[in-house]
Peer 1: 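Before anything else, here's the structure in question.
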Protein chains: 2
Amino acid sequence: MSARRASSVQQQYRDAVAAYVAAGGEESVQRVITAVFSLTRKLDQWYRRQLADLGLTHGEWSVLAHLATAGDEPVTPTRLADVTNVAASSMTHRLDRMAGRGLVRRSPDPANRTRVLVELTEQGWELFESAVREANVVESDTLARLTSKERGELAALLEVVISGLDEIETA
Amino acid sequence: MSARRASSVQQQYRDAVAAYVAAGGEESVQRVITAVFSLTRKLDQWYRRQLADLGLTHGEWSVLAHLATAGDEPVTPTRLADVTNVAASSMTHRLDRMAGRGLVRRSPDPANRTRVLVELTEQGWELFESAVREANVVESDTLARLTSKERGELAALLEVVISGLDEIETA
DNA sequence: TGTTAGTGTTTCGAAGTCGAAATATTCGAA
DNA sequence: TTCGAATATTTCGACTTCGAAACACTAACA
């Protein structure tokens with residue numbers, strides 16, 4: 001075991017904040033941002049395994065999730081590429097595969113022949129729902145150290161941050 | 001604008017939470033997790049552009065950042081692959097490129113000839129520091145709606161979550 | 001209505017990533 | 001000390017992703 005166990009997430013978090021501050025970052029900013037990324041990284045590891053069991057890649061999951069959470073907004077390949085941080089050309093192939101497996105359906109936009117609309121099939125919905133139920137287990141474990149009240153406070157603070165995100169636009 | 005502007009981060013967040021709850025997730029959990037991912041996604045978009053200006057890919061940045069924040073722990077390619085969520089074989093090529101550009105240096109571990117130790121060169125450190133200073137601008141904007149006190153509270157709550165992460169291990 | 005600029009999707013070649021197998025070394029037990 | 005299992009890295013072929021260019025259509029304006 002290499003004479004040392006890999007350092008814990010906690011230790012890594014502390015070292016990282018210290019290094020960012022030493023390199024010129026503000027402490028209160030770096031604590032929040034680094035914590036958010038540490039959490040995301042760990043969750044991503046778990047998702048990847050769970051998704052592999054369902055036969056999905058991380059990228060395919062983003063597509064499934066966005067289609068399932070888009071409300072009533074019609075969704076085009078370009079929009080999917082934007083929200084999943086991927087090139088439009090990659091989305092073409094990804095949708096090919098997913099359509100081949102019967103998870104999504106492409107249909108021409110009746111109002112604009114340049115466009116294609118993408119939506120989930122019944123089978124896509126089922127896969128989405130079973131993934132959410134599985135993921136909720138890990139996510140609940142992740143937040144187990146917080147009381148119900150604290151979760152509410154945490155969510156409220158994050159929501160304040162999110163409410164400002166649309167105005168920043170790459171200033 | 002396609003008869004509709006792309007929905008805002010905020011609207012997307014609300015729709016997503018609603019959909020996850022409808023699919024069987026717990027609300028207090030989904031609010032926190034979805035908010036964390038919304039924030040990460042937006043930050044990733046900005047980082048990608050900033051890093052492109054510095055001639056770095058997202059993956060190369062992870063390597064640079066981990067080496068810079070690893071404290072005094074010696075770092076091997078396998079460890080880098082783990083913490084950046086990438087296959088060990090990919091790390092080989094990534095390090096080849098980065099070493100070619102003079103950002104990192106590989107040297108045999110004197111204590112174990114199976115191993116290779118990776119560290120930043122002077123040039124690697126400089127690039128790290130300039131990236132941190134640039135990133136800090138966007139990150140500060142992101143948290144601009146929170147008071148100093150609120151940032152502290154947010155960081156404290158996230159740190160509680162992080163402190164539990166090491167014990168979950170893919171239960 | 002004809003022209004031009006713009007938008008949305010796909011195709012294409014180059015580059016990055018993956019998992020499995022190959023190679024080299026260490027560690028523990030007989 | 002020697003054997004076998006475990007660990008660390010790299011090589012290999014298949015697949016995914018990228019950005020640029022091609023293509024098809026729409027929209028604005030004279």
Side-chain angles (χ1 to χ4, degrees), chain A residues 1-6 44-45 47-49 51-53 55-64 73-101 103-119, chain B residues 1-6 44-45 47-49 51-53 55-64 73-101 103-119:
Chain A
M1 49 100 151
S2 86
R4 74 171 54 253
R5 56 154 188 33
D44 271 342
Q45 284 178 1
Y47 292 150
R48 191 173 294 209
R49 292 191 223 182
L51 291 173
D53 292 345
L56 286 175
T57 65
H58 196 280
E60 288 166 343
W61 167 251
S62 325
V63 172
L64 213 61
E73 178 191 21
V75 180
T76 64
T78 298
R79 173 96 183 117
L80 282 170
D82 283 349
V83 298
T84 62
N85 284 346
V86 77
S89 55
S90 306
M91 192 51 64
T92 299
H93 298 307
R94 207 183 268 179
L95 292 174
D96 284 348
R97 289 192 299 278
M98 295 180 73
R101 284 182 51 192
L103 299 175
V104 303
R105 182 176 25 246
R106 271 190 270 212
S107 52
D109 183 340
N112 180 336
R113 276 186 297 170
T114 312
R115 282 196 182 170
V116 175
L117 299 182
V118 185
E119 54 186 359
Chain B
M1 39 88 198
S2 82
R4 71 173 54 250
R5 56 153 186 36
D44 271 342
Q45 283 178 1
Y47 292 150
R48 191 173 296 209
R49 291 189 224 183
L51 292 173
D53 292 345
L56 285 175
T57 64
H58 197 280
E60 288 166 343
W61 167 251
S62 325
V63 171
L64 213 61
E73 178 192 20
V75 179
T76 64
T78 299
R79 172 96 182 117
L80 283 171
D82 282 349
V83 298
T84 63
N85 285 345
V86 76
S89 56
S90 306
M91 191 50 65
T92 298
H93 299 307
R94 207 183 268 178
L95 292 175
D96 284 347
R97 290 191 300 277
M98 295 179 74
R101 285 183 51 193
L103 298 175
V104 304
R105 183 175 25 245
R106 271 190 270 212
S107 54
D109 183 341
N112 180 336
R113 277 186 296 170
T114 313
R115 281 197 183 169
V116 174
L117 298 182
V118 184
E119 55 187 357

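Chain letters run A, B, ... following the sequence lines, proteins first and then strands; every chain starts at 1.
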Peer 1: Could you check how far CE of A:Met98 sits from C1' of D:dC15, rounded to whole Å?
Peer 2: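 Checked: the CE to C1' distance equals 17 Å.
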Peer 1: Who passes side-chain hydrogen bond (donor to acceptor under 3.5 Å, both in side chains) against A:Ser90, sequence neighbours left out?
Peer 2: none
Peer 1: Output yes when a side-chain donor or acceptor of A:Arg94 lies under 3.5 Å from a complementary backbone atom of A:Gly59, and no otherwise.
Peer 2: yes
Peer 1: If you look at every strand shown and take non-hydrogen atoms under 4.0 Å, does A:Thr76 touch a base, only sugar-phosphate, or nothing?
Peer 2: sugar-phosphate
Peer 1: Does B:Arg97 make a side-chain N or O approach to OP1 or OP2 of C:dT17 shorter than 4.0 Å?
Peer 2: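 Result: yes.
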Peer 1: For A:Asp109 and D:dA24, give me the distance from atom CG to atom C1', rounded to whole Å.
Peer 2: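 One finds 15 Å between C1' of D:dA24 and CG of A:Asp109, rounded.
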Peer 1: State which residues pass side-chain hydrogen bond (donor to acceptor under 3.5 Å, both in side chains) with B:Thr92; sequence neighbours excluded, sorted by chain then number.
Peer 2: none
Peer 1: Measure CD/B:Glu60 against C1'/D:dC18 and give the value in whole Å, please.
Peer 2: 14 Å
Peer 1: Starting at CG of B:Leu80 and ending at C1' of D:dA8, how long is that distance when rounded to a whole Å?
Peer 2: 13 Å
Peer 1: Send over the distance from B:Leu56 CG to C:dA15 P, rounded to a whole Å.
Peer 2: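 About 18 Å, once rounded to whole Å.
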Peer 1: Using salt bridge (charged side-chain N to carboxylate O under 4.0 Å, His left out) as the criterion, list what pairs up with A:Arg48, not counting sequence neighbours.
Peer 2: none
Peer 1: When the distance from CG of B:Leu95 to P of C:dT17 is rounded to whole Å, what number comes out?
Peer 2: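 Those two atoms, CG and P, are 11 Å apart.
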Peer 1: Residues two or more places apart in sequence or in another chain: which of them pass side-chain hydrogen bond (donor to acceptor under 3.5 Å, both in side chains) with A:His93?
Peer 2: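 Scan of A:His93 (side-chain hydrogen bond (donor to acceptor under 3.5 Å, both in side chains), adjacent residues dropped) gives none.
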Peer 1: Whole Å only: how far is the CZ atom of B:Arg49 from the C1' atom of D:dG19?
Peer 2: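 Between C1' of D:dG19 and CZ of B:Arg49: 16 Å.
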Peer 1: Return the value, rounded to whole Å, for the distance between atom NE2 of A:His58 and atom P of C:dT17.
Peer 2: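 Going from A:His58 (NE2) to C:dT17 (P), I get 15 Å.
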Peer 1: Going 5' to 3' along nucleotides 18-29 of chain C, which nucleotides have protein heavy atoms under 4.0 Å from the base (write B), which only from the sugar-phosphate (write S), and which from neither (write -)?
Peer 2: BBB----BS---
Peer 1: Not counting sequence neighbours, which residues clear side-chain hydrogen bond (donor to acceptor under 3.5 Å, both in side chains) with A:Asp109? List them please.
Peer 2: none
